[in-house]
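Basis for what follows: all heavy atoms, side chains included, without hydrogens, waters or symmetry-related copies. Chain letters run A, B, ... following the sequence lines, proteins first and then strands; every chain starts at 1.
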Amino acid sequence: MKDKKTNFFQDVYAVVKLIPEGRVTSYGAIAAYLGAKGSARMVGWALIAAHPLTDVPAYRVVNRNGLLTGKQHFGDPNTMQHALENEGLTIINDQIQDFQKHFWDPGKELI
DNA sequence: AGCTTGACGGACT
DNA sequence: TAGTCCGCCAAGC
């Protein structure tokens, strides 16, 4: 039980995996759900490690503005945008349209 | 051992 | 309403 921080990473992966297709969430929402409220950066850092390793659809996670800030980390910037558009979302200028309508809150809908 | 950066978010001006 | 600054936590140098 000395790798507790690793557990935090696994928890992030579990929540992201539960995100339904066509839905997106924010780093802060996941962080708040895990109890790390205020430390949204840690969620982002966890996804960086998650990207090539786990099957976590990190492209469904964006910042609170619905902006694809981490698209650059998918190898090719177009990968994240194209993946979201493939799920029925509309993205213009790297920003998700109707982001709030497609928003998925783990603390409310997942519980 | 200390400083800087970073997939963010909220508060302040 | 928009732009800017500060705070949180861990990894890299």
task: Could you list the residues that satisfy side chain to side chain donor-acceptor pair (under 3.5 Å) with Asn65(A), not counting sequence neighbours?
output: none

statement: The side chain to side chain donor-acceptor pair (under 3.5 Å) partners of Arg60(A) (sequence neighbours excluded) come to Glu87(A)

Using the 3.5 Å cut-off, write out each protein N or O paired with an N or O of nucleotides 2-5 of chain C and the distance between them.
none

Pairing residues for Asn86(A) by the side chain to side chain contact (heavy atoms under 4.5 Å, CB included) criterion, not counting sequence neighbours: none

task: Under the side chain to side chain contact (heavy atoms under 4.5 Å, CB included) rule, collect the residues that match up with Pro20(A), sequence neighbours excluded.
output: Arg23(A), Trp104(A)

Side-chain hydrophobic cluster, 4.5 Å single linkage: members besides Leu84(A): Val24(A), Tyr59(A), Val62(A), Leu68(A), Phe74(A), Met80(A), Leu89(A), Ile91(A), Ile96(A), Phe99(A), Phe103(A)

message: Running the 4.5 Å side-chain criterion over Ile, Leu, Val, Met, Phe, Trp and Tyr, what cluster does Ile92(A) land in, apart from itself?
response: none

- prompt: Leu34(A) has an atom CG; how far is it from atom P of dC9(C), in whole Å?
  reply: 14 Å

List every contact pair, protein side and nucleotides 5-7 of chain B side both N or O, where the distance is under 3.5 Å.
unit_1 : atom_1 : unit_2   : atom_2 : d
dG6(B) : O6     : Arg41(A) : NH1    : 3.0
dA7(B) : OP1    : His73(A) : NE2    : 2.7
dA7(B) : N7     : Gly44(A) : O      : 2.8
dA7(B) : N6     : Leu47(A) : O      : 3.1
dA7(B) : N3     : Gly70(A) : O      : 3.2

message: Between Asn63(A) (side chain only) and Gly66(A) (backbone N and O only), is there a donor and an acceptor less than 3.5 Å apart?
response: yes

message: Once salt bridge (charged side-chain N to carboxylate O under 4.0 Å, His left out) is applied, what residue pairs with a partner in residues 9-20 of chain A remain, sequence neighbours excluded?
response: none

